[in-house]
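Below is one structure, written out as structure tokens; the observations come after it.
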Amino acid sequence: MDLSVIVPIHNEQENISLLHDELVKTLEPTDLDYEIVYVDDGSHDGSTKLLRDLAMINPRVTFVQFRKNYGQTAAMQAGLEVAQGELLVTMDGDLQNDPADIPPMLEQISQGYDLVHGWRKHRQDKWFTRRLPSIIANRIISYSTGFPIHDLGCTLKVVRREIADELELYGEMHRFIPILAHARGAACVEMETHHRPRRFGTSKYGLSRTIRVVLDLLTVKYMLDFFDRPMKLFGRLGMMSWAASMACGTATVLMKLVSQFDMTGNPFFLLTVLCAIVGVQFFSLGLMGEVSSRLYYQRNQRRPFAIRNIIRQSTLQSTSALSPQTLNVNQRLAA
């Protein structure tokens, strides 16, 4: 399978048929062996029956049904695991992403990129509840992670299979896919895409998701900088706590010697003890984190690095991380 299009669906009954027709119209001329993976995230409006019927009559459709609503990230992860394509496309099921943007994104992939993510430059959403929070969040995320991006919330992406297999999505992590892939050494590029106003149904997003995104940002920041070396974070905090404890202890002794201030009633003495205990706790967290990270890598047979190519001078042959099927896709895209 050359290409898999993954579409999470939650109560999009009016949009499914229109979206499917647009996808087929867009993908058929590409001459790629493709499939469309619809993941039903606990719909209760008739979407489930429509998707099941599509899968029954169309061999290019794969239908994945959740028992209940688990959220878009879970649906995205399930779609990535079920999909068989060497190239994976993710997009929303509300018709706001334009399937016509897929071929230009595939052209970017054929130029050697591992991931192409969309930028809804002219976004057709409400300003106060959707666009303004998104602008603020994107700037904060870009600044804190060091990853230049304009629209992290755009679901429309194209990613190579070997990159997607290294991602682990949970919480609201689906929006951080470009950052997580970039941390694994993937070559990423952002491309302007069309964005259309919602025609049917209601949006599942709002200001309530802002808090969850901020919390996930803290998780991503920790994973990027300290996941494989947590002692660097907790050790620094522990050293800072011990330094504060020593400063408070010195101030307590000087106050006793100079002004005969009672040590037991001195707040600096309490701070000395508190900071010393907090420092020990930080060091303990760092040690437990080091053990946990090593168990994670060993148990899951993962490594804190990613290899793109291996070149052996003895055979003068290059072993690429890309599979033959992917190379074939690249050649066909280039053609």
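Sorted by first and then second residue, the pairs that involve residues 237-263 and meet ring-ring contact (aromatic ring centres under 6.0 Å, His included), not counting sequence neighbours, are Trp242-Phe283. Each salt bridge (charged side-chain N to carboxylate O under 4.0 Å, His left out) pair with one or both residues in residues 136-153, not counting sequence neighbours, appears once here: Arg120-Asp151. For residues 47-80, every residue pair satisfying the ring-ring contact (aromatic ring centres under 6.0 Å, His included) rule, not counting sequence neighbours, is listed here: Phe66-Tyr70.
Evaluation of the salt bridge (Lys or Arg N to Asp or Glu O under 4.0 Å) rule for Lys121 yields Glu192 as partners, not counting sequence neighbours. With sequence neighbours left out, the side chain to side chain contact (heavy atoms under 4.5 Å, CB included) criterion links Leu233 to Tyr222, Phe226, Leu237. Residues forming a side chain to side chain contact (heavy atoms under 4.5 Å, CB included) with Ile277 (at least two apart in sequence, or on another chain): Val273, Gln281. Looking at residues two or more places apart in sequence or on another chain, you find no ring-ring contact (aromatic ring centres under 6.0 Å, His included) involving His195. Not counting sequence neighbours, the partners of Leu50 by the side chain to side chain contact (heavy atoms under 4.5 Å, CB included) test are Gln13, Ile16. For Glu290, the salt bridge (Lys or Arg N to Asp or Glu O under 4.0 Å) partners two or more places apart in sequence, or in a different chain, are Arg294. A search for salt bridge (Lys or Arg N to Asp or Glu O under 4.0 Å) contacts involving Asp98 returns Arg196, not counting sequence neighbours. The salt bridge (Lys or Arg N to Asp or Glu O under 4.0 Å) check on Lys221 picks up Asp225, with sequence neighbours excluded. Partners of Thr252 under the side chain to side chain contact (heavy atoms under 4.5 Å, CB included) rule, at least two apart in sequence or in another chain, are Met263, Asn266, Phe268, Phe269, Thr272.
Note on Arg160 versus Glu166: no salt bridge recorded, every NZ/NE/NH1/NH2 to OD/OE distance being 4.0 Å or above.
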